**Q** 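I have a structure I would like to understand better, so I am pasting it below and will then ask my questions one at a time.
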Amino acid sequence: MKKVYKLTIILILSVVAFIVSYPVIFMFIGSFMGDGELRDYLGPAITDSGGYASFGIIPKQPNIWSYIKLLFDRPEFFVVFWNSIKVAAVSLLGQCLLSIMAAWGFAVYNFPFKKILFNLYIFFMLMPFQVIMLSEYIVILELNLLDTLWAIILPSIFSTFSVFILHYFFRDIPTEILEAARLDGASEFKIFLKIGVPYGKAGIASMLVLSFLEIWNLVEQPVSFIKDQTKWTLSIFFSEVTVDNLGISLASAVVAFIPALFVFGIGKDYLEGGIAAVTTIKQNK
């Protein structure tokens, strides 16, 4: 009976996993199809020709022409790819400098209106971009940052989500350790570097992985704040899919997917450890 139950669970989870991963499978397989084959499969969904879209699991004539066209005939692809790298790198660096210290301050020190300010952080984290888009647009406009990569980088640096994650790790540090370090004459900054950062390294790694995935896939911010196509990021490259660029669009999606998959693969253990640590901390409180 246990074997039947186990097999049933495995079967259900396998079906769910296939459904969830089907878009990725569709993207990868489609990138190796010819334009004519993709047009036959997906034409009805893109044009008004009528009928139903379909999709083949195995390409009839596999080829890499879409990748060749993307890498050799579309120099603008490298521009937007480099833009995405710069946005992600500078944003993560800014979060390391600001979010870690902000989380440390909320977790370790007592100051007026601390609880109110932290609750505001949580509140703004829960708000979707559409709600704060106008206010962000006005601020960026006043700073003369429209149509620059800083219009995306600056809001990403001040991420409330990063502070929220790291706060749980720093809050769990025993106060006795901090008091002992102060009695030994350690400065507050040295305590932060020697105790806080090592203690919260799992949370920092988790924050970096999650933040990279979020920043790498930003869509609303680049569309709202950047009109110059030379400043676009990879997430909105080929935003208009037509029957003439189906293969290149799928190939660009695969290339854009690779860095995110690479970062997730490297940080998966840290991410799992961070989630487990947060769960343990919450249970012990």
Side-chain angles (χ1 to χ4, degrees), residues 23-24 27-28 30-31 64-100 128-130 132-162 204-242 244-267:
V24 178
M27 174 183 68
F28 183 77
S31 67
I64 59 173
W65 281 111
S66 295
Y67 291 96
I68 294 175
K69 293 177 183 177
L70 176 68
L71 299 177
F72 293 98
D73 294 341
R74 297 297 180 108
E76 65 271 21
F77 175 78
F78 295 97
V79 175
V80 297
F81 188 88
W82 178 240
N83 288 341
S84 292
I85 294 292
K86 289 190 287 186
V87 168
V90 178
S91 298
L92 293 180
L93 178 61
Q95 287 187 16
C96 286
L97 294 176
L98 297 178
S99 297
I100 297 176
F129 171 73
Q130 292 79 4
I132 60 175
M133 179 178 65
L134 180 59
S135 58
E136 281 193 12
Y137 183 88
I138 294 173
V139 172
I140 291 171
L141 178 63
E142 291 297 322
L143 294 175
N144 294 320
L145 295 179
L146 283 179
D147 262 352
T148 68
L149 294 180
W150 285 104
I152 311 173
I153 294 172
L154 196 61
S156 299
I157 288 177
F158 295 95
S159 170
T160 57
F161 180 66
S162 302
I204 294 172
S206 302
M207 178 269 290
L208 291 175
V209 173
L210 292 173
S211 295
F212 175 84
L213 296 176
E214 179 186 7
I215 295 167
W216 189 258
N217 295 303
L218 286 177
V219 175
E220 294 93 345
Q221 289 86 339
V223 170
S224 302
F225 302 146
I226 298 179
K227 304 304 178 185
D228 184 0
Q229 295 187 11
T230 62
K231 304 294 178 59
W232 278 3
T233 56
L234 198 57
S235 56
I236 58 173
F237 187 63
F238 285 115
S239 55
E240 294 184 3
V241 180
T242 65
D244 297 323
N245 66 1
L246 283 172
I248 298 179
S249 296
L250 291 173
S252 66
V254 172
V255 175
F257 180 72
I258 292 174
L261 184 64
F262 178 74
V263 170
F264 180 78
I266 292 178

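All values derive from a computational prediction rather than experimental measurement. One-based numbering along the sequence shown.
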**Q** Return the minimal non-hydrogen interatomic distance between A260 and F212, and the atom names on each side.
**A**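 In terms of heavy atoms, the two residues are closest at CA-CE2, 4.0 Å.
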
**Q** Do N83 and F78 have side chains that approach each other closer than 4.5 Å (heavy atoms only, starting at C-beta)?
**A**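 The answer is no; the side chains never approach within 4.5 Å.
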
**Q** Can you name the nearest heavy-atom pair linking W216 to A88, along with the distance?
**A**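 Heavy atoms only, the tightest pair is CE3-CB, 4.4 Å.
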
**Q** Would you find more than 12 non-hydrogen atoms of other residues, nucleotides or ligands less than 6.0 Å from F264 atom CZ?
**A**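 Open.
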
**Q** Where is the tightest heavy-atom contact between S235 and N217, given as atom of each residue plus distance?
**A**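 Here S235 and N217 meet closest at CB-C, 4.1 Å.
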
**Q** Quick one: closest heavy-atom pair of S91 and I215, and the distance?
**A**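 Heavy-atom minimum between the residues: CB-CD1, 3.5 Å.
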
**Q** Rounded to the nearest 0.5 Å, what separates atom CG in L154 from atom CG in L149?
**A**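 If we round to the nearest 0.5 Å, L154:CG and L149:CG are 12.5 Å apart.
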
**Q** With a 4.5 Å cut-off on side-chain heavy atoms, are I100 and M207 touching?
**A**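 Yes. Closest side-chain heavy atoms under 4.5 Å.
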
**Q** Any side-chain heavy atom of V80 within less than 4.5 Å of one from T233?
**A**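 Answer no - side chains too far apart.
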
**Q** A quick test of your reading: do over 12 heavy atoms of other residues, nucleotides or ligands sit less than 6.0 Å from CZ of F28?
**A**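 No, CZ of F28 has 12 or fewer neighbouring heavy atoms, counting only those of other groups under 6.0 Å.
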
**Q** Can you say whether the rings of F225 and Y137 are parallel (under 30°), tilted (30 to 60°) or perpendicular (over 60°)?
**A**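 Rings of F225 and Y137: tilted, 30 to 60°.
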
**Q** Would you say D228's side chain and D147's backbone share a donor-acceptor pair under 3.5 angstrom?
**A**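 Between the backbone of D147 and the side chain of D228 there is no qualifying donor-acceptor contact (under 3.5 Å).
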
**Q** Any chance you could measure L218, atom CG, to S224, atom OG, to the nearest 0.5 Å?
**A**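 Answer for the CG-OG pair, L218 versus S224, is 10.5 Å.
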
**Q** Please check this pair: side chain of S252 against backbone of S249, looking for a donor-acceptor N/O pair closer than 3.5 Å.
**A**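 Checking the backbone N and O of S249 against the side chain of S252, a donor-acceptor pair under 3.5 Å is found.
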
**Q** Measuring from L234:CG to I236:CD1, what's the distance to the nearest 0.5 Å?
**A**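 Between atom CG of L234 and atom CD1 of I236 there are 9.5 Å.
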
**Q** Within this structure, what is the CG-CG distance for the pair N144 and L141, rounded to the nearest 0.5 Å?
**A**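 So the gap between those two atoms works out to 7.5 Å.
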
**Q** Donor-acceptor pair, distance only, cut-off 3.5 Å: does the side chain of Q95 make one with the backbone of L208?
**A**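 No.
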
**Q** Just verifying a value: how many Å separate I152 CD1 and E220 CD, rounded to the nearest 0.5 Å?
**A**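 The CD1 atom of I152 sits 11.5 Å away from the CD atom of E220.
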
**Q** Start with the C-alpha distance between I140 and W150, add both sets of side-chain angles, then the distance that settles side chain to side chain contact (heavy atoms under 4.5 Å, CB included), and finish with yes or no.
**A** CA-CA 9 Å; I140 291 171; W150 285 104; over 6 Å; no

**Q** Could you measure the distance from the OG atom of S66 to the CG atom of L71? Nearest 0.5 Å is fine.
**A**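 Reported value, rounded in 0.5 Å steps: 10.5 Å.
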
**Q** Answer whether the closest heavy-atom distance between the side chains of V255 and F77 falls below 4.5 Å.
**A**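 With C-beta onward as the side chain, the pair touches.
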
**Q** Using a 4.5 Å cut-off on heavy atoms from C-beta on, say whether the side chain of E76 contacts that of W232.
**A**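 Side-chain contact under 4.5 Å: no.
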
**Q** For I266, does the CD1 atom have more than 12 heavy-atom neighbours from other residues, nucleotides or ligands under 6.0 Å away?
**A**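 Enclosed.
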
